[in-house]
Amino acid sequence: MVAPENSLVQKPGSIKNSVKSTTPLRSPIISEDVGLYIHIPFCARRCHFCAFYLVIQTEKRMKQFVDDLKKEMVLWASKEDFVLRKVSTVYFGGGTPTVLSASQLGDILNCVKLNWKLDAQAEVTVEATSESVSFDKLSALKAYGVTRVSMGVQTLVPHERETLGLCSETQPVHDAVQASKAAGLSNINLDLMYGLPGQTLSSWDDTVCQVLEMRPRHLSCYALSIEEGTRFYRQWEQGVLRNCDPEEEAVFQNSVNDQAQRSGLTRYEISNWAHPGYACRHNLKYWQGQDYLGFGPSAQSYVSGVRWGNVPDVLEYSGQLGNGQIPVSDMEVLDEVRQHKERVIFGLRRVEGIPTEWVDCLEHEVKWTQSLAQLLTDNLLSQSGNRYVLTERGRELADTVGHMLW
Amino acid sequence: MTKSFPQSRIRNFSIIAHIDHGKSTLADRFLEITGAISQREFRAQYLDAMDLERERGITIKAHAVTTKFQASDGKDYLFNLIDTPGHVDFAYEVSRSLAACEGALLLIDATQGVEAQTIANAYLAIANNLVIIPVINKIDLASADVEGVRHQIADVLGLSQEEAFLVSAKEGLGVKEVLEGVVHLIPPPVGSEEKPLKALIFDSWFDNYQGAVVLLRVIDGELIPGMIIRLMSNKREFELLEVGIFSPKRTKVDRLGPGEVGYVCAGMKDLSDTKIGDTITEARRPTESALPGYRDVKPVVFCGLYTTDTSKFEDLRDSLEKLRLNDSSFVYEPETSIALGFGFRCGFLGLLHMEIIRERLEREYGLDLISTAPTVVYHVYTTKGEVIDIDNPSKLPDPSLIDHIEEPFIKATVITPERYVGNILQLCQDRRGTQTGLQYLDANRVMVSYELPLNEIVLDFYDRLKSRTQGYASLDYELSGYRHSDLVKMDLLLNGETVDALSIIAHQDKVQSRGRQLAEKMKELIPKQMFEIAIQAAIGKRVIARETIGAIKKNVTAKCYGGDISRKRKLWEKQKEGKKRMKQIGRVEVPQEAFLAILKTDPN
């Protein structure tokens, strides 16, 4: 194992030490276990709403990438920070992870197992599109240790799918969900989007209804947000596309919530519903201020109060790893106060809210405490027992709440 | 170089002109021809040293340059060119520069003709008994109307048109002839070397190393380093440390004699010692009588200046102090606003002056400022028989205590092509003006005179004048005194709280529409917040306009995972920066632009 001696960034080991020595945390935010996020930056094509870093898939690029990714994992695994830490979740995101072959994904997972302490009960999620999976492939993934599949459906209305730049046919979605279950991967999440151009409440209800009939364990629904660098953004600039009205959006959200509850899915975060015991353990880490380490170009990490992002470019990523460097492009050290604030802000996105003691560490932040009191007065936040939770209005204004508590 | 110069070969003169008629370009040509600056050093508008001066194409401060010119008689002449500001706000600076000269070149753009400030400046020069040489510029342009301008010189200004020189300062055409004209037409300074020292201070500024640097013109006697000088106004005495000229670079000389123009340093720590217009004499052998000096210039336009970041108040104080060292014409004193916190009420010579000071504070001192709407000084007569000067609308006493209010009026002169006369009359009428004259300068140019309340001018009158005449009209004005008017104070309230910084004093006939417009404008400018915001315009307790800003009902529900967290964080960080620029009124966050909303309403 080669340590990245000439790395331009701080070594993670030293980050932890420095953070600990200068700003010791009163409450143990540092988690014992760690989640791994693996960014697979390839897609068959770019959807019109997507702003994630990705490149169009080619065999050569993907082969090189898998090699680079393994190099990165080995580099990090040698850090003293991680040698003792258990990996409790692995999340393959993208891009489209399933454009890689089952053996390539298996190769990556084997690398994780070889170099990291992967927990026997670990949650291993793979994001997928219906076009890039089959029964055989899913069976193979299951054999490699994948436990959960997250499928980007977005909508099941053909013309809405076309608008998004997806294949307009919906049968492949049904087939893929079927295949996943048949392969023994029944822990399935389906992603949906509302606030789409041309979408109506009845077309949305129709999508939701069909999706729930597939009996997913987990459901994620997001409003379309028009991001810079996307085709939608250009259309928005030209005035062809307009932002969804947040108040209309509330109607969509309430509707999906009602239907999801009826089919036994409980909301546990602003945009997420699950059957009992099926909340996404990896994503929970994001909202609970727990540590996660990201691999692959543009992947984000948060470890021991330090946040960083990898270079958002496959070639640069490859080049830096080739030189034995960790491909980090920007990094910031969050002081204790900032860590606590973030944990509160993102923790409140969960329906069960946060323990009131999380706020104790911030009692000296006068302005912040005033904002918190204001949120309680304005009925955006409520206290139930020893927990703070967002009220329904607070959930609708989650961004404003976050901003106020920032 | 100055030591052996005979007084008979010294010429002190200014160039006076309407803005954009080419004054700085002509000065550049003079410096080139006389070799004062080499091609290498040359940059356009050499004398406009401040960035702001170059950018805006205006001269703000007076400058003086000494150069040598070899005339056709084969002899060398010493020229002191005293540059003057060209904007209506700075008429005072023009007049004090002129007092140091024997002659003036009145520069007129051949394509524009006589403009409002051409006339104003010409009158100032006549009042100072200067020899005026008309110079018609831009004769190379196709639209030049040399004959027309000649007629205007004779008919409007009453000057001899035969003496007018024709030049293109840009091309350098005819410039040498003008310099010959300076030699032959402008008299040398009279004054005696034998008499006790008498020198006129016409500008001063502060140098961190040498203290006050004084720009002066020697009338009688001589200035020699080492001598003890006395300032006649306060009798303070200083040892003369350095004497020099600007050629145009600062150059030390051994002496300055009668008629000469230059600078002195005498270790004066306090710029207030060097009063513009004061007379300097020698302590050992003082002159009997001081020069007449200048009238004190009084600021006429006021506004509140506040830092957006309240913790920067001290920085603003320091910057104002420093700025005032070099510009004694603006005044400031601390004030407190409920809405904006601690700040300063500042007085300026005019709107441009205000803009310039504000811009310099932001640019040179790195401050981020909120300024309140400009106002004039009102004379308030109370029922108890007192008279109070009010330069801040929020300070106006309760109406029950006011007997009547007087406001300042101006005499405005507008020169415009005939086709826009209707527009101008309409504008002046809308601004409560009274016409006092209308005169054709030639077949298609008209000079219109109006009496107008100054408070109607400080709100974008000049911009509107320009836009209604496609930029052709020119304006000059002077204060003409105070008059009784029906004025009331209008307050703006946000959720019931008065925003003191937005109170205005307006005429009874106009306050209704101003209130409505202001409320509407505020609605546009204040972003939706988590609660409803009521905007009211009120006179006393009587609400005259009302608008409501609805509450935000919902944010977009976006996803929030690893990468989204840092993206959100950056967004909030940015919003927080934006928030710093907001002011909190009660619970309402008000963006800075809202405090200038009053400027964006149409006062008509």
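In what follows, chains are A, B, ... by sequence order, proteins preceding strands, each numbered from 1. Predicted model, so just to flag it, every value in this text is computed and none were measured.
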Report which part of [X] has an atom under 4.5 Å of a heavy atom belonging to chain B: side chain, backbone, both, or neither.
X	value
A/Leu380	side chain
A/Asn243	neither
A/Glu248	neither
A/Tyr292	side chain
A/Arg393	side chain
A/Asn272	side chain

- Atom pair NZ/CE of B/Lys559 and A/Met193 - distance to nearest 0.5 Å: 7.0 Å
- Query: What distance separates A/Gln374 CD from B/Phe531 CZ, expressed to the nearest 0.5 Å?
  - Reply: 8.0 Å
- chain B-proximal positions within residues 396-406 of chain A [heavy-atom distance under 4.5 Å]: A/Glu396, A/Leu397, A/Ala398, A/Asp399, A/Thr400, A/Gly402, A/His403, A/Met404, A/Trp406
- B/Asp391: side-chain contact (heavy atoms from CB on, under 4.5 Å) partners, not counting sequence neighbours: B/Phe302, B/Arg345, B/Val377
- Just give me the residue among A/Ser298, A/Cys244, A/Ala223 that pairs up with chain B most often, heavy atom to heavy atom, under 4.5 Å. A/Ala223
- Counting heavy-atom pairs under 4.5 Å with chain B, the top scorer among A/Ser225, A/Ser271, A/Ala250 is A/Ala250
- Task: Check A/Pro246 against B/Lys554 and note the closest heavy-atom contact, atom names and distance.
- Result: O-CD, 3.0 Å
- Within residues 562-569 of chain B, contacts to chain A at heavy-atom distances under 4.5 Å involve B/Gly562, B/Gly563, B/Ile565, B/Ser566, B/Arg567, B/Lys568, B/Arg569
- Message: For a side-chain contact (heavy atoms from CB on, under 4.5 Å) check, start with the C-alpha distance between A/Tyr286 and B/Cys560, then their side-chain angles and the critical distance, and finish with the verdict.
- Response: CA-CA 8 Å; A/Tyr286 297 130; B/Cys560 184; over 6 Å; no
- Residue pair B/Tyr561, A/Cys280: steps toward the side-chain contact (heavy atoms from CB on, under 4.5 Å) verdict: CA-CA 12 Å; B/Tyr561 304 110; A/Cys280 176; over 6 Å; no
- Message: A/Tyr53: which residues meet the side chain to side chain donor-acceptor pair (under 3.5 Å) condition with it, sequence neighbours left out?
- Response: none
